[in-house]
Amino acid sequence: MAGHRIIGHLDMDAFFASLEEKVSPHFKGKPIVVGCDPKDGKGRGVVSTANYAAREYGIGSALPISKAWKLSELAISQGKEGVIFLPSNFPLYERVSKEILGIIRKYSDTVEQGSIDEFYFDLSSCDSYEEVEAVSKRLKKEILEREGVTCSVGVGPNKMVAKIAAGVNKPNGFFIVEDSAVEDFLRPLPIRKLPGIGAKTAGVLQSEGVYIIEDLLRFSLADMKNMFKKAGEDIYYRIRGIDDSPLVTERELKSIGEQITFEYDTSDSDYVISMFLDLCGNLFDRLAKEGFKSFSKIVVTVRFDDFKTASSSRSIDEKVNKTKSKLKIEALKIFLPYLDRRKNHSLRPIRLIGLRFEKLS
Ligand code: TTP
Ligand code: MG
């Protein structure tokens, strides 16, 4: 199959929740949600992920945790099992993620980590789709045996098709889209399935009567450019299965961040500043624990009571991040304008603060 690229995409099933289920076997088969503390329905913040049993109740990533709590109470009132709510345990997820990367590297010499639970890998050296299938199934089996959790694998001629294919038979799925089948595979998909079409683009398109990729095929390259500029051009090629983007190897987790949603939206500067400094201290400690020596960018995020979200970043000197106190001062300089009119014109109360260190080394 010389000349053709064959790309695999592997995505772990209900990743955080599956790992929690695996480390606590007595949770097996029960609905599990990983995320913020629901506090008997008064909790703020969101669901990170739900296992497939909890998804039956309508719970999924990014749902407010208070809604997840209500759905669990509803299930209990119907005689079903209540949801087990768990906090996240990132060191565990990151360790397993690294181990999975190591396993995939035994099956492919070119692997790109896309996120904590998804990976692209090159299978172009396989002689046939039968071989691609055999390799993928051995890989899935080894991950299950060594890590005790399942994943889904998709295969296609490029990254985009492989990623969509991985979602086709989730969980524990496997799906190949052969070169000749790409257009038929893409045509009936809802436009939102296409990476690069977010809520906003989809809204514009739907108002034009475009719901599936087939509807989009009638627009010329010029139409697409007119509507969405460069992004439109990308979409034009992608829906025709054309995506040459290469695998970016050795990309590791190059940033760490945390955020806090307050119990109540607040304008109490003393409180907000002390929480911000805690966040900063925690992150500094995590940096050392995860073996990073320095970083060169700080990003601060603030969400106000009306959910409007702003962020600012600053590049910082290598020397600054050697001590916690110097670092806190730098981070505060970025943060303080959100507490007065410089970056908070109508002095809105604050709902959430977040801090991220980027460009770790
Ligand atoms: P996903 O792969 O999107 O979700 P998943 O692995 O839980 O479930 P699926 O079987 O559908 O792949 O994300 C991987 C992990 O990233 C997920 O387990 C938790 C985390 N995550 C969040 O914390 N918040 C989010 O909004 C999403 C989408 C994921
Ligand atoms: Mg996943």
Side-chain angles (χ1 to χ4, degrees), residues 16 34-37 44-46 48 87-98 101 113-116 248-361:
F16 297 179
V34 176
C36 293
D37 186 345
R44 296 166 47 107
V46 294
S48 290
S88 55
N89 175 2
F90 275 97
L92 168 68
Y93 313 149
E94 278 161 6
R95 195 195 78 222
V96 175
S97 175
K98 244 184 223 159
L101 176 62
Q113 177 149 21
S115 77
I116 193 164
V248 183
T249 54
E250 248 114 10
R251 190 176 87 193
E252 308 222 351
L253 274 176
K254 286 258 170 56
S255 78
I256 56 172
E258 277 176 25
Q259 56 186 46
I260 306 172
T261 305
F262 297 128
E263 290 295 310
Y264 303 97
D265 302 332
T266 177
S267 298
D268 177 347
S269 306
D270 288 344
Y271 174 70
V272 173
I273 289 172
S274 82
M275 295 302 276
F276 182 79
L277 291 175
D278 282 353
L279 202 62
C280 201
N282 286 348
L283 218 51
F284 188 87
D285 295 342
R286 236 179 91 193
L287 200 66
K289 226 166 48 198
E290 291 176 23
F292 293 106
K293 294 246 166 4
S294 70
F295 62 95
S296 53
K297 196 172 172 197
I298 301 180
V299 185
V300 169
T301 303
V302 176
R303 183 170 300 147
F304 299 103
D305 63 333
D306 59 355
F307 286 87
K308 293 233 167 67
T309 308
S311 68
S312 310
S313 63
R314 185 182 287 192
S315 296
I316 63 158
D317 195 290
E318 290 270 310
K319 283 181 226 99
V320 170
N321 53 51
K322 293 282 190 311
T323 72
K324 211 192 268 193
S325 56
K326 277 198 185 135
L327 177 73
K328 283 183 172 179
I329 292 169
E330 284 309 305
L332 261 187
K333 281 192 210 157
I334 311 172
F335 179 59
L336 287 176
Y338 290 105
L339 298 181
D340 57 46
R341 293 194 194 273
R342 280 175 290 170
K343 288 200 164 157
N344 185 358
H345 303 290
S346 38
L347 298 178
R348 299 210 75 103
I350 292 176
R351 175 181 172 87
L352 167 154
I353 56 174
L355 180 66
R356 203 166 65 242
F357 299 157
E358 292 186 345
K359 302 193 181 163
L360 309 181
S361 54

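Counting begins at 1 with the first residue of the sequence.
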Under the rule for salt bridge (charged side-chain N to carboxylate O under 4.0 Å, His left out), what residues qualify as partners of [X], not counting sequence neighbours?
X	value
Glu358	Lys297, Arg356
Lys289	none
Asp265	Arg44

Any side-chain heavy atom of [X] sitting closer than 4.5 Å to one from [Y]?
X	Y	answer
Ile316	Leu327	yes
Ile260	Leu279	yes
Phe262	Ile353	yes

Original post:
Side chain of Ser296, backbone of Ser315: donor and acceptor closer than 3.5 Å?
Top reply: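 Flag not set: sc Ser296 to bb Ser315 has no pair under 3.5 Å.
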Taking all non-hydrogen atoms of both residues into account, name the closest pair between [X] and [Y] and its distance.
X	Y	value
Tyr338	Ser311	OH-C, 3.4 Å
Cys36	Gly45	SG-CA, 3.9 Å
Ser267	Leu347	OG-O, 4.3 Å
Ile334	Ser312	CG2-CB, 3.7 Å
Val299	Ser313	CG2-CB, 3.8 Å
Leu355	Phe276	CD1-CZ, 4.0 Å

Only counting residues at least two apart or in another chain, list the ones meeting side chain to side chain contact (heavy atoms under 4.5 Å, CB included) with [X].
X	value
Leu339	Ser269, Val272, Ile273, Phe335, Leu336, Ile350
Asn89	Glu20, Pro91, Leu92, Tyr93
Arg303	Phe307, Thr309, Arg351, Leu352
Tyr264	none

Subject >> Nearest-0.5 Å distance that lies between atom CG in Leu101 and atom CD1 in Ile116 >> reply: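 Taking CG in Leu101 and CD1 in Ile116, the distance rounds to 12.0 Å.
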Original post:
What distance separates Leu283 CG from Phe357 CZ, expressed to the nearest 0.5 Å?
Top reply: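 That separation rounds to 4.5 Å.
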Tell me every residue that passes side-chain hydrogen bond (donor to acceptor under 3.5 Å, both in side chains) with [X], counting only those two or more places apart in sequence or in another chain.
X	answer
Asp285	Lys324
Arg341	none
Asp268	none
Arg348	Asp305

Original post:
Does the pair Lys333 and Glu330 meet the rule for a side-chain contact (heavy atoms from CB on, under 4.5 Å), with working shown?
Top reply: CA-CA 5 Å; Lys333 281 192 210 157; Glu330 284 309 305; 3.1 Å; yes
**OP:** Verify whether the ring centers belonging to Phe90 and Phe16 lie closer than 6.0 Å.
**Re:**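 Distance test on ring centres: under 6.0 Å, yes.
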**OP:** Not counting sequence neighbours, list each pair that qualifies as a side chain to side chain donor-acceptor pair (under 3.5 Å) and has a residue in residues 272-282.
**Re:**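 The answer is none; no pair qualifies.
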